[in-house]
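Reviewing the structure listed below.
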Amino acid sequence: MPEFHVADLSDLTESQPKGVDAGGTPVVLVRQADAVHALAGNCPHRGVPMEKGTVVGDRIICGIHRAAFALSSGKLLSPPACENLARYDVRVDGDAVHVTVDEDTESHPLPAMTKGGSEERLFVILGNGAAGWRAAETLRREGFEGKITVVTDETERPLDRTEFSKSYLGSSDEPEAPFLRDADLASEYGIEIATFTATALDPKTNTLHGGAGESLTYDSLFIATGSDAATLNIPGKDLAGIHTLRTLEDAEALRADLQVFLKDGEAKVAIIGAGFIGLEAAASLSGQKNVSVTVVAMEDKPMLKLFGESFADRLMKEHEDAGVTFRTRAKTVGFSGEGRLSAVEIDGGSAVAADLVIVAVGARPRTNWLPFERDADGGISVNADLSVPGYDNIFVGGDIARVPTKWGHVRIEHWRFAQELGELAARNMLGAGANYDGTPFFWTAQQIEGSYFYTGHADSFDRIEGAPEGGQFASRYIKDGKVTAVLQHGIDDEVTALERGMAGQGPVPA
């Protein structure tokens, strides 16, 4: 196997990642004392160079989306990545650092997983999204050799749903569906996919029922049904041209509708709602030729309550600079048109002309058929181990779960948190009895001035330290003298370290 002189030991700073090239293979080096670790140079999640990451103890953390890997092995330690980093042999000769790279070595190998065995227990996972699929793979990673059945009423392969409002919608070419896994992975690892809509659950007999007579009797059940896009029950809601953006079918229909107008000239798009999905969609569409975008929102400024006035001003300005028009303090009361949408009707204001509409006014947990007590917002409050109160073999995670954390009982509808809950549920299905000890984190890619990152959780705050200005900033949200959350733009090692400090502890002293 070829060996390459990639760096000098004297040029490597302690615990500071350094990207090098080993015969055309990107590699990241990390020196710790006289030892040097060499791992695949790019994060498997989005290809971010790992030299932009932060080393904390025995792990290296991606500087953008916070996937963590063991320095000694490259083993995946936390999402959103789904694969390991390859580890390469290192030889230090005097001051010279040599790395051996086998060209047949996969840069991002799957974590080691059992393929099932003779154990008769059946674990059922309801939902094939971020939480459900993560649970299925984690069971195999943890050595579970029993039967696993994933029940889904969507695509059989897991999707990266976050891409629908970003690259999938914004692509001028015909994009591929953002599947996370190859079609044959489930069968390779003994994960059965059952495609039906679950309609009833009998916890006394451990039986899940489907609408067409299907039934499964489980030993343990993980429910991660996710949410449906909220809609508007107003006049004209059934006109052609009105879309939501939650499923692959939604995304495909929206793109197809948009292309019809672009073939003939231009498209006028109205987006109802100025939350994450609405603004990401606005950013994606505003970059396309011959597309005009108007965001209609009831608030004074986008995300004002969540992030504060200064950041709301920044968001609004960057979108306006990109050509997005805002109609704020505007309540949508109807859609008009003859068979097809032509305008959005505003209470007490002029109508917004539109060829198509994206309704982005939130989501509703898919829980109304479950036989458990539900919170006012449709979520289900669970025990610290994610089990449903009164049922120690039924676990709930993802968007629908309200979970005890160091930030209180919270229901968080974000991709990485759902993956974390999927892993936690899987381990607890196997008897780990563990609680959530991570730090909530999400990112939103506005695709205008780049991504924003949010660490922690703040339902409210007393003050904000650090103005959201320039190409790099960190705004800290303070409540009762503690930092409960940080909003970040650009890479900041201190914020990554803060995230590690919050893990298992929660808000830290300001």
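Below, all heavy atoms of this structure are taken into account, side chains as well, without hydrogens, waters or symmetry copies.
Under the 4.0 Å criterion applied to side-chain N and carboxylate O atoms, Glu499 and Arg59 are not assigned as salt-bridge partners. A salt bridge is absent between Asp228 and Arg364: the closest approach of a Lys/Arg side-chain nitrogen to an acidic carboxylate oxygen does not fall below 4.0 angstrom. Salt-bridge check for Glu299 with Lys305: failed, with every basic side-chain N at 4.0 Å or more from each acidic carboxylate O.
Two rings, from Phe276 and His414, have their centers less than 6.0 Å apart. When ring centroids are compared, Trp443 and His45 come within the 6.0 Å threshold. Phe307 and Tyr452 have their aromatic ring centers separated by at least 6.0 angstrom.
Taking the six-membered ring where tryptophan is involved, the planes of Phe164 and Tyr168 are perpendicular, since the angle between them exceeds 60° and thus also 30°. Between Phe123 and Phe144, the angle of the ring planes stays under 30°, which puts this pair in the parallel group of the 30/60° scheme.
In Lys75, the NZ atom is not crowded: 12 or fewer heavy atoms of neighbouring residues, nucleotides or ligands sit closer than 6.0 Å. In the displayed structure, Glu14 atom CD is contacted under 6.0 Å by more than 12 heavy atoms of other residues, nucleotides or ligands.
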Do any side-chain atoms of residues 392-405 form donor-acceptor pairs under 3.5 angstrom with protein atoms, and if so which ones, sequence neighbours left out?
unit_1: Asn393; atom_1: ND2; unit_2: Asn206; atom_2: OD1; d: 3.3
unit_1: Asn393; atom_1: ND2; unit_2: Asp219; atom_2: O; d: 3.2
unit_1: Asp399; atom_1: OD2; unit_2: Arg246; atom_2: NH2; d: 2.8
unit_1: Arg402; atom_1: NH1; unit_2: Asp375; atom_2: OD2; d: 2.5
unit_1: Arg402; atom_1: NH1; unit_2: Asp377; atom_2: OD1; d: 3.3
unit_1: Arg402; atom_1: NH2; unit_2: Asp377; atom_2: OD2; d: 2.6
unit_1: Thr405; atom_1: OG1; unit_2: Trp407; atom_2: N; d: 3.0
unit_1: Thr405; atom_1: OG1; unit_2: Gly408; atom_2: O; d: 2.8

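Contact check for Glu106 versus Glu83: no side-chain heavy atoms found under the 4.5 Å cut-off. Annotation: side chain of Ser227 is in contact with side chain of Glu413 (closest heavy-atom distance under 4.5 Å).
Residues satisfying the side chain to side chain contact (heavy atoms under 4.5 Å, CB included) test with Glu309, not counting sequence neighbours, are Lys301, Leu304, Asp313.
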Checklist entry - Hey, mind stepping through Glu154 and Asn128 against side-chain contact (heavy atoms from CB on, under 4.5 Å) and telling me if it holds? => result CA-CA 8 Å; Glu154 292 190 86; Asn128 195 22; over 6 Å; no
